Amino acid sequence: MPLAVAATSPLLEWRDPIYIIAGFAGVVAMAIVLLQPLLAGGYLPGLPAPRGKRVHLWTGLALVSAIIIHVGGLWLTSPPDVVDALLFSSPTPFSAWGVTAMWVLFAAAVLATLGRRLPIRPRTWRLGHTALALVGVVGSVVHAMLIEGTMGTASKAVLCVLVLAATFKLLVDLRVWSRITRSRT
C-alpha cells in the first residue's frame, strides 16, 4: 500500500528519476523491515521457521541493498545534505534517526553474515543481532514517521505499526532477553 500511495504522490511531480528511485528504495526497505521478523519467526504461511530463517538472510541482503540505493540516490541528488546527515549535522531530525538506523542495520547484517565464524556463543550472537535489529527497527520507524513525504501519513503509520508489532511479537516469542538473564543467575 505505501508503494501505491508513493507512486501516485503529487510530491514526485517535479523530482528527478534518481530521487524517485531513492525514495522508492526507502519505502521498499521499510517493507523488508516488516518481512524480517515475520520470516525469522516462521509466521508466514508456507515458510516454517527453518526455511523462513534462510529467506530472512537473503531478504536481509536485500534490505542492505535497498538502504544503499536509498542513500546513494539521495547522495547523487544532493551530496551536501547526505554529508550533513552522515555527520549528524543536518537540521532535520529524521536524518539522524535514518543514519543511526542505517549503521545499526548494517552492523546486524555483518553480524549475521559472519555468524558462526565469530568466536562468540550462539546466545551472545542472538542477543547482539536482536539488539541491533531492534535499534534499527525503532530508528527506521522514527525516521519514516518524521518525514513528510510520498508514502502518505496513513499508509506510513500503518506500515510502521505493523513493523513494530511484528518485531515485538518476535521478541516476545523468542524470549531472547529472558534466556540471557536466566543464564546469568
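Values in this document were obtained by computation on a predicted structure and should not be read as measured data.
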Please table the atom pairs, donor to acceptor, closer than 3.5 Å between any side-chain atom in residues 147-163 and protein atoms at least two apart or in another chain.
{"from": "Ser155", "atom 1": "OG", "to": "Met151", "atom 2": "O", "distance (Å)": "2.2"}
{"from": "Lys156", "atom 1": "NZ", "to": "Ala144", "atom 2": "O", "distance (Å)": "3.2"}
{"from": "Lys156", "atom 1": "NZ", "to": "Ile147", "atom 2": "O", "distance (Å)": "2.3"}

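Residues Val71 and Leu76 are members of one and the same hydrophobic cluster, defined by side-chain heavy-atom contacts under 4.5 angstrom among Ile, Leu, Val, Met, Phe, Trp and Tyr. Cluster membership for Leu44 and Ile32, using ILVMFWY side-chain heavy atoms within less than 4.5 angstrom, is shared. The same ILVMFWY cluster, assembled from side-chain heavy atoms under 4.5 Å apart, contains both Ile68 and Met30. Linking ILVMFWY residues whenever their side-chain heavy atoms come closer than 4.5 Å, directly or via other members, places Leu170 and Val138 in the same cluster. In the hydrophobic clustering of this structure, Trp75 groups with Phe88; members are Ile, Leu, Val, Met, Phe, Trp, Tyr whose side-chain heavy atoms approach within less than 4.5 Å, directly or through other members.
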Given side chain to side chain contact (heavy atoms under 4.5 Å, CB included), test Leu39 with Trp58 step by step and report yes or no.
-> CA-CA 11 Å; Leu39 289 166; Trp58 290 104; over 6 Å; no

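Val82 has its side chain out of reach of Pro79: every pair of non-hydrogen atoms, C-beta onward, lies at least 4.5 Å apart. At a threshold of 4.5 Å between non-hydrogen side-chain atoms, the residues Val137 and Phe168 do not count as touching. Within the 4.5 Å cutoff, the side chain of Val142 has no heavy atoms near those of the Phe94 side chain. In this structure the side chain of Leu174 reaches within 4.5 angstrom of the side chain of Arg126, judged on heavy atoms. Two residues are said to be in side-chain contact when any heavy atoms from C-beta on lie closer than 4.5 Å; Val141 and Met145 meet this criterion.
Of all non-hydrogen atoms in Ala109 and Val64, the two that sit nearest each other are CB-CG2, 3.6 Å. Closest approach of Leu34 and Ala166 over heavy atoms only: CD1-CB, 4.0 Å. In this structure, Ala112 and His129 approach most closely via the heavy-atom pair CB-CE1, 3.8 Å. Taking both residues in full, the closest heavy atoms of Leu11 and Arg15 are given as O-CG, 3.5 Å, listed atom of the first, atom of the second, then distance. When every heavy atom of Ala66 is checked against every heavy atom of Val28, the shortest pair comes out as CB-CG1, 4.5 Å. The minimum heavy-atom distance between Ser95 and Ser90, with the atom names listed, is OG-OG, 3.3 Å.
In this structure, the side chain of His143 does not engage the main chain of Trp97 through any donor-acceptor pair within 3.5 Å. Judged by distance alone, with hydrogens and angles left aside, the side-chain atoms of Ser78 form no donor-acceptor pair with the main-chain N or O of Leu74 at under 3.5 Å. In this structure, the side chain of Thr77 engages the main chain of Gly73 through a donor-acceptor pair within 3.5 Å. A donor-acceptor contact shorter than 3.5 Å is absent between the side chain of His70 and the backbone of Ala25.
Think of Val104 as one node in a network of Ile, Leu, Val, Met, Phe, Trp and Tyr side chains linked at under 4.5 Å; its network also takes in Val110, Leu111, Leu114, Leu118, Ile120, Trp125, Leu132, Val135.
Atom-to-atom distance recorded for Ile18:CD1 and Ile69:CD1 is 12.5 Å, nearest 0.5 angstrom. Here CG of Leu57 is found 6.5 Å from OG1 of Thr113. Values are rounded to the nearest 0.5 Å. Expressed to the nearest 0.5 Å, how far OG1 of Thr59 lies from CG of Leu35 amounts to 6.0 Å. Separating the CG atom in Asp81 from the OG1 atom in Thr92 is a distance of 7.5 Å, to the nearest 0.5 Å.
Environment of OH in Tyr19: sparse, with no more than 12 heavy atoms of neighbouring residues, nucleotides or ligands closer than 6.0 Å.
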